[in-house]
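The sequence lines fix the lettering, A, B, ..., with proteins before strands; numbering per chain opens at 1.
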Amino acid sequence: MRTIELTNSLTRAKEIFTPADPKRVTMYVCGPTVYNYAHIGNARPPVVFDVLFRLLRRTYGEEHVIYARNFTDIDDRIIARMSETGERLEEITNKYADIYEADMAALGVLPPTLAPRATAHVSEMIALIETLIAKGAAYQAQSGVYFSVAADANYGKLSRRDLDDMRVSARVEGEDDKRAPADFALWKAAKPGEPAWDAPFGRGRPGWHIECSAMIEKTLGRTIDIHGGGIDLLFPHHENEIAQSECAHGAPLARVWLHNGFLTMDAEKMSKSVGNVLLAHELLQRWPGEVLRLALLSAHYRAPLDWTEDLLKQADATLKGLYGAVDRLNDVSPEGDVEPSDDFLDALCDDLNTPMAMAALSTLATDANKAKSESEKATAKARLLKAGEMLGLLQRDPDIVFGRKVNASLNATLGNLQLHATATVDWPAEKIDALVSARFAARRAKNFAEADRIREELTEMGVIVMDGPEGSTWRRA
RNA sequence: GGCCACGUGGCGGAGAGGCUACGCAGCGGACUGCAAAUCCGUGUACUCCGGUUCGAUUCCGGACGUGGCCUCCA
């Protein structure tokens, strides 16, 4: 079996990945808070860890990998949204969870094995908090229950932070009764009009970090193989998860911690507070999800990635080139039992080096373009598609990609639906076919003036003609 | 202030102590009636200054620059 290496944030080193139980490989990734549309930066972890999910499933077998990505469906921002719109909690969270799932599907993200919701695990959270209180790691105050950072000798081991070095923590409003500034809320005492649950330590709602600890324990176990998320979650979120879970259980929470870098706009972090966000949902109106996905995978997951219009144009051109190779072999049925190239697999296994994997994918596309014999073609096509599948790419019908056919099921996975829909209505495939045939006839008759005229007409429709010895093919730009 | 990343050709972006990354764009060639697509070829790239070394863009130190976390944040 090929060895996978991953950079573990806990050790800051690239390590050989060995699951505790190869029959049950567990991964948890922090999912969205469902109160709003996700921006494209929010889409980086689901896409990156989707590639890892695919690699793990290939390595250990589909049924042996359990991947959980949560929905945070109780939180300050959701409550704020409730008072803004007057909607009920579930109305908001269900709506945005649905949108999130649709957007992720459009980006080619496989559904995780499990998608636990915080509000469905409040009793587990309460139990965990009780354990922490009993162990003396948490205490009750007027405003809620807090984790006592002083009780945890290992606090700071993930972010390598010394509490003394930190700037004096900004005081969180309403938490004046904490014993220490770095203590964090496990449970927030109920306020009038807010969603609340009964608990032995008073009616209230969970703090942010406790949900992940509780859901990981419930759905995956006390020690999981991989825990992932954005680099900004490293502190305090993941540090606090570790503190809660490890104090309660005396066992490591996760064996490998993975963190992806940010998306930036003009070299500045894309974030809602800066206000420089592009919503995935809106980008999907303008670009195929696959183009966005390729752009997201064009840099190594730990590196920052500057999101620009030019990046998308380049990704689009690259993708069209790859699909051109698939298209060229459209009537070849791929050979069944074929693996992607070693270069490709080695790249993915080397800490998920997707740029290097893309380079290997390009080589496979060139091989496919150069293939002569039928068997060469069948093999080359199969390898290209197999490699593409591991990146979540190249799985669409080239006829649809190049606008010769419209997908009957008008769902969000199409992404470029609007784009091609207009062109397809104005200039349907039948009309283009007719023009292309007319042009072919003109060329046969050596009436090149007419042939060129028709090509010009097609160009204006956004159609590119490609002449071959036995006829012409076409695609939409 | 503490901690942490990063600085590669026109653009994006890997990488390794000496050997072509790759993609996009450009240029030249083949193919084509002309194109397109494809194939082949093509670019004195590694922020600066020291050090280690036979040899560093790659290791070490420093400078400068950019960004991130320390507060909600993917």
Side-chain angles (χ1 to χ4, degrees), chain A residues 9 12 29-33 38-49 75-77 80 156 159-173 181-182 208 228-237 239 259-264 266-274 277 294-295 297-300 302-306 308 310-322 324-325 327-328 343 347 350 353-363 365-366 368-370 443 446-449 451-452 455-456 458-459 463-469 472-475 477:
Chain A
S9 302
R12 306 272 164 90
V29 172
C30 291
T33 300
H39 66 251
I40 191 68
N42 294 321
R44 194 174 190 188
V47 168
V48 162
F49 293 110
D75 153 280
D76 289 354
R77 289 166 295 170
S159 55
R160 304 204 177 170
R161 235 168 259 264
D162 188 358
L163 287 174
D164 299 334
D165 293 338
M166 294 186 350
R167 288 184 174 181
V168 183
S169 295
R171 281 164 75 191
V172 181
E173 203 179 332
W208 174 32
I231 185 70
D232 52 346
L233 295 183
L234 189 120
F235 187 90
H237 185 53
E239 194 71 61
H259 292 96
N260 65 273
F262 288 126
L263 237 59
T264 57
D266 294 323
E268 192 180 19
K269 175 186 176 183
M270 184 187 288
S271 82
K272 285 169 187 165
S273 44
V274 181
V277 298
L294 191 138
L297 296 176
S298 66
H300 184 89
R302 281 184 295 119
L305 172 61
D306 201 39
T308 61
D310 200 48
L311 175 73
L312 293 175
K313 284 184 187 153
Q314 291 191 12
D316 187 50
T318 303
L319 193 62
K320 287 207 172 104
L322 294 171
D327 193 30
R328 205 159 281 112
D343 284 351
D350 181 10
N353 193 333
T354 52
M356 202 183 243
M358 289 294 307
L361 193 66
S362 296
T363 303
T366 302
N369 284 330
K370 292 202 297 197
R443 286 180 64 232
K446 304 245 188 270
N447 185 353
F448 296 125
D452 289 350
R455 183 168 63 197
E456 195 52 38
L458 286 164
T459 303
V463 172
I464 299 161
V465 200
M466 288 162 294
D467 296 330
S472 299
T473 55
W474 60 272
R475 57 171 69 161

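In this structure, of B:C72, B:G68, B:A36, it is B:G68 that holds the atom nearest to the side chain of A:E268. Checked against B:G12, B:A36, B:C4, the side chain of A:R12 finds its nearest nucleotide in B:C4. Checked against B:C34, B:A37, B:C72, the side chain of A:D452 finds its nearest nucleotide in B:C34. Side-chain atoms of A:P45 lie closest to B:A74 of the nucleotides B:A74, B:A35, B:G2. Side chain of A:F235, nearest nucleotide from B:A37, B:A74, B:C70: B:C70. Nearest to the side chain of A:L305, among B:C39, B:A35, B:G13, sits B:G13. Nearest nucleotide to the side chain of A:D310, out of B:C34, B:C11, B:A74: B:C11. Here the nucleotide nearest the side chain of A:P236, chosen from B:A74, B:C70, B:G33, is B:C70.
No N or O donor and acceptor, one from the side chain of A:R44 and one from the base of B:A74, sit under 3.5 Å apart. Put simply, the side chain of A:R160 and the base of B:C4 share no donor and acceptor less than 3.5 Å apart.
A:L322 has its side chain within reach of A:L361: a pair of non-hydrogen atoms, C-beta onward, lies under 4.5 Å apart. Residues A:K269 and A:D232 meet the side-chain proximity criterion, which asks for heavy atoms closer than 4.5 Å. Within the 4.5 Å cutoff, side-chain heavy atoms of A:M270 are placed close to those of A:H39. Looking at heavy atoms from C-beta onward, A:S298 lies out of side-chain contact with A:Q314 at the 4.5 angstrom threshold. Two residues are said to be in side-chain contact when any heavy atoms from C-beta on lie closer than 4.5 Å; A:N369 and A:R328 meet this criterion. Between A:L311 and A:L305, the closest side-chain pair of non-hydrogen atoms falls below 4.5 Å. Side-chain contact check for A:N42 versus A:P32: every heavy-atom pair is 4.5 Å or farther apart.
Backbone-only engagement by A:A303 is indicated by non-hydrogen atom pairs under 4.0 Å involving sugar-phosphate atoms exclusively. Among the protein residues, A:G41 comes within range of the nucleic acid bases, having at least one heavy atom under 4.0 Å from a base atom. Residue contacts shown for A:R302 are absent, as no nucleic acid heavy atom lies under 4.0 Å away. Within 4.0 Å (heavy atoms only), A:H300 reaches sugar-phosphate atoms of the nucleic acid but no base atom. At a threshold of 4.0 angstrom between heavy atoms, the contacts of A:R77 are confined to the sugar-phosphate backbone, with no base atom among them. A:G261 comes within contact range of at least one nucleobase, with a heavy-atom separation under 4.0 Å. Contact annotation for A:N353: backbone-only contact, meaning every heavy-atom pair under 4.0 Å involves sugar-phosphate atoms and none involves a base.
When the C1' atom is used for both B:G17 and B:U52, the distance is 12 Å, rounded to whole Å. Rounded to whole Å, the C1' atom of B:G1 lies 33 Å from the corresponding atom of B:U58. On the P atoms, B:U47 is 8 Å away from B:G7, given to the nearest whole Å. Comparing the same atom, C1', in B:U53 and in B:C60 gives a spacing of 12 Å after rounding to whole Å.
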List the protein contact pattern of nucleotides 18-27 of chain B with one symbol per nucleotide (5' to 3'): B for base contact, S for sugar-phosphate-only contact, - for none; contact means a heavy-atom distance under 4.0 Å.
---BSBB---
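Phosphate proximity of B:A74 to A:K269: absent, as no side-chain N or O sits under 4.0 Å from OP1 or OP2. Dashed line: the shortest gap from a side-chain N or O of A:N369 to OP1 or OP2 of B:U38 is not under 4.0 Å.
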Reading 5' to 3' and counting Watson-Crick or G-U wobble pairs with both distances under 3.5 Å, write the dot-bracket notation for RNA chain B, | for bases paired outside the strand.
(((((((..(((.....[...))).(((((.......)))))....(((((..]....))))))))))))....
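Nearer the 5' end of RNA chain B, as judged by each residue's closest nucleotide, is the contact made by A:D306, out of A:H237 and A:D306. Both A:L263 and A:A299 lie near RNA chain B, and the one whose nearest nucleotide falls closer to the 5' end is A:A299.
Among residues two or more places apart in sequence or in another chain, the side chain to side chain donor-acceptor pair (under 3.5 Å) test is passed with A:R302 by A:T7, A:D351. Residues that satisfy the ring-ring contact (aromatic ring centres under 6.0 Å, His included) test with A:H237, not counting sequence neighbours, are A:W208, A:H209. With sequence neighbours excluded, the residues satisfying salt bridge (charged side-chain N to carboxylate O under 4.0 Å, His left out) with A:K320 are A:D316. Contacts of A:R455 classified as salt bridge (charged side-chain N to carboxylate O under 4.0 Å, His left out), with partners at least two apart in sequence or in another chain: A:D452.
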